[in-house]
Structure formats: structure tokens, C-alpha cells
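Here the structure is a predicted model, which means the values were calculated and not measured.
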Amino acid sequence: QVQLVESGGALVQPGGSLRLSCAASGLPFSAYDMKWYRQAPGKERELVATITISGGTTTYADSVKGRFTIYRDNAKNTVYLQMNNLKPDDTAMYLCNARGAFRVNAGKDYWGQGTQVTVSS
């Protein structure tokens with residue numbers, strides 16, 4: 001079965017850094033665009049970052065632009081989110097999403113369970 005397993009979330013002080021990882025299995029990873037979303041209580045789910053199947057194109061929410069970097073290692077079936085200069089408003093459950101973008105995988109959609117990031121002094 002398809003699995004997306006996030007890791008790396010933690011309690012961190014403002015200004016600190018974290019690297020989130022999402023390890024995928026059960027799918028042809030290189031055929032999927034990968035995305036990071038975040039969900040905080042009382043707020044809508046927000047698309048944080050997207051990376052295309054080859055890694056050639058990345059996009060970011062304005063709120064994280066310049067602080068977060070998404071990248072992928074297709075050989076390891078893993079996508080990462082490097083988060084620097086973290087702010088309290090970054091506190092959320094961070095979820096990994098795989099969106100099929102190639103041939104029979106196109107349109108398929110899978111989600112991980114999430115990893116909690118808490119930014120607080």
C-alpha cells in the first residue's frame with residue numbers, strides 16, 4: 001500500500017531551524033509532484049511548498065518564502081522541507097502530499113499522517 005511517513009517535527013525556539021522529511025513507499029515516487037501543507041487549529045489547511053517530479057520547479061507560500069526550501073531525492077523516495085528562521089506562526093501540523101503527474105499516476109492523491117512543528121520560547 002501507499003505510505004507517506006513524515007518525520008522531523010519538534011518543539012523549537014523562534015529563529016530556529018528544522019528539516020522535515022517525507023519518505024514515500026508503494027508508489028513510483030518520480031512520477032509524483034510532492035507538496036507540503038500545514039494545518040493549525042482554527043485555520044484552513046495551507047499549501048506551504050510544491051516541487052515537481054524532477055525538482056525543476058518549486059513554489060512557496062508567501063508566508064514562508066525566503067525561509068523554507070523544498071527539495072527531493074528521487075533515489076531515496078524522499079522529499080524534504082528545510083525550515084529556517086522559524087516563527088510562532090509556523091506552528092502547525094505539517095503534512096506531506098503526493099500528487100500524480102505522469103501517465104497512469106496522473107491525478108492520484110496521497111497524504112501522510114503529519115508531523116507536529118511547534119515554535120515557542
- Query: Gln82 side chain to Thr69 main-chain N or O, any donor-acceptor pair under 3.5 Å?
  - Reply: no

- Task: Spell out, as yes or no, whether a donor-acceptor pair under 3.5 Å connects the side chain of Asp33 to the backbone of Ile53.
- Result: yes

- Task: Take Thr50 and Arg99, measure what side chain to side chain contact (heavy atoms under 4.5 Å, CB included) needs, and give me the verdict at the end.
- Result: CA-CA 10 Å; Thr50 299; Arg99 179 73 172 175; over 6 Å; no

- Item | Pairing of Lys65 and Asp62 as salt bridge, 4.0 angstrom limit | yes

- For Val5, what are the other residues in its hydrophobic cluster, where any two members join if their side-chain heavy atoms are less than 4.5 angstrom apart? none

- Roughly how far, to the nearest 0.5 Å, is CD of Gln13 from OG1 of Thr118? 13.0 Å

- Note on the structure: Cys96 and Glu6 have their tightest heavy-atom pair at N-OE2, 2.7 Å

- Measuring from Leu47:CG to Asn97:CG, what's the distance to the nearest 0.5 Å? 8.5 Å

- Message: Taking transitive links into account, so neighbours of neighbours count too, which hydrophobic residues share a cluster with Tyr80 at under 4.5 Å side-chain distance?
- Response: Tyr71

- Task: Would you mind reporting whether Asn105 and Pro28 have side-chain heavy atoms less than 4.5 Å apart?
- Result: yes

- Interatomic distance, Lys35 atom NZ to Cys22 atom SG [nearest 0.5 angstrom]: 13.0 Å

- Note on the structure: For Asn85 and Ser17 the tightest heavy-atom approach is N-OG, 4.2 Å

- Item | Nearest heavy-atom neighbours spanning Ser121 and Pro14 | N-CD, 3.6 Å

- Distance-minimising heavy-atom pair for Gln113 and Met93: O-SD, 4.5 Å

- Query: For Leu4, what are the other residues in its hydrophobic cluster, where any two members join if their side-chain heavy atoms are less than 4.5 angstrom apart?
  - Reply: Val2, Val12, Leu18, Leu20, Leu27, Phe29, Tyr32, Met34, Trp36, Val48, Ile51, Tyr60, Val64, Phe68, Ile70, Val79, Leu81, Met83, Leu86, Tyr94, Tyr110, Val117, Val119

- Are the side chain of Arg45 and the backbone of Arg38 linked by a donor-acceptor contact shorter than 3.5 Å? no

- Query: How many angstroms lie between atom CD of Gln1 and atom CD of Gln3, to the nearest 0.5 angstrom?
  - Reply: 5.0 Å

- Message: Are Asn77 and Ser25 packed together at the side-chain level, in the sense that at least one heavy-atom pair is separated by less than 4.5 angstrom?
- Response: no

- Looking only at heavy atoms, the pair that brings Gln116 and Ala92 closest together is NE2-O, 3.4 Å

